[in-house]
Every structure is written in C-alpha cells, then in structure tokens.
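To start, the structure itself, in structure tokens.
Basis for what follows: all heavy atoms, side chains included, without hydrogens, waters or symmetry-related copies.
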Amino acid sequence: MNPVAIIGIVNNVIDLVQMFLPLIRKDDSTAIGKIIDTLQSAAPLVVDQIGDTYTGVKNIIDSIGAHPATTAEQLAALQAFSQKVDAAWDAIESQIDPDAQPSGA
C-alpha cells in the first residue's frame, strides 16, 4: 500500500475525530469508547507513520482524557495507548534527531 495514502487516511481520521470530539455529550461514554477503539485499531498505521501522525493522535488522547464522559476504565486504556504512542515516537525520534546521542553513550 502507498505510504502517502496511508498517512493521508490516518490524518483524515485524526482530523475527523478532533472535529467530532467536542460534540460528544458529557455523559456519552459509549462514544468515547468507540473513539478509543478507533484509535487503537489504527495503532499499527499510527506507529508506522508516527512522525506524521504523533501530534494529532496526542491531541486526541489529551482531549478524550479531559472529556467528562470518559470513564476510569477508558482513561486507563487511553493512558496505555498514549504510552505506546510515546514509545513509538521515542524510538523513531532517535533515528531522525541529528543531535541524538547513540544508545549506550
């Protein structure tokens, strides 16, 4: 599959989620759960294209975490996913940062 197309699709999904998140009712944890499921199902694509999708995904994670409909269970799942995204970013950042120290240095 074309990597540019993948990035475009993932970024479009991220943009749509960011647009709809403020419209979710304060008591609609079901919709929050569906958004979390969508993010997690896109995880392989997000991780593969992390440099292009990191900021959008992290913004959604922060928004969902602050949404009043987010349950404690959903928040825990979201935090675990956030850590996965951060780990993927850390792994790729060391490869693209010209000032990064080699591991073991």
(request) Return the minimal non-hydrogen interatomic distance between Ala69 and Ile32, and the atom names on each side. (result)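 That would be CB-CG1, 3.8 Å.
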Looking at every heavy atom in both Ile60 and Leu21, which two are closest together, and how far apart are they?
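Scanning both residues, the minimum pair turns out to be O-CD2, 4.3 Å.
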In this structure, are over 12 heavy atoms from other groups packed under 6.0 Å from Lys34 atom NZ?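 Not more than 12 within 6.0 Å, no.
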inquiry  = Nearest 0.5 angstrom please: Leu78 CG to Gln83 CD, how far?
reply    =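 If we round to the nearest 0.5 Å, Leu78:CG and Gln83:CD are 10.5 Å apart.
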Going by heavy atoms in the side chains, are Ile36 and Phe81 under 4.5 Å from each other?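 They are not in contact (no side-chain heavy atoms under 4.5 Å apart), so the answer is no.
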Practice task
Enumerate the residue pairs fulfilling side-chain hydrogen bond (donor to acceptor under 3.5 Å, both in side chains) with a member in residues 59-76, sequence neighbours excluded, ordered by first and then second residue.
Solution key: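 For residues 59-76: Thr71-Gln74.
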Would a single hydrophobic cluster contain both Leu16 and Leu23, if residues Ile, Leu, Val, Met, Phe, Trp and Tyr are joined by side-chain heavy-atom contacts under 4.5 Å?
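Yes; tracing contacts between hydrophobic side chains, which count when under 4.5 Å, links both residues.
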task = Return the set of residues passing side chain to side chain contact (heavy atoms under 4.5 Å, CB included) with Asp28 (not counting sequence neighbours), or none when no residue passes.
result =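 Residues passing side chain to side chain contact (heavy atoms under 4.5 Å, CB included) with Asp28: Ile24, Arg25, Thr30, Ala31.
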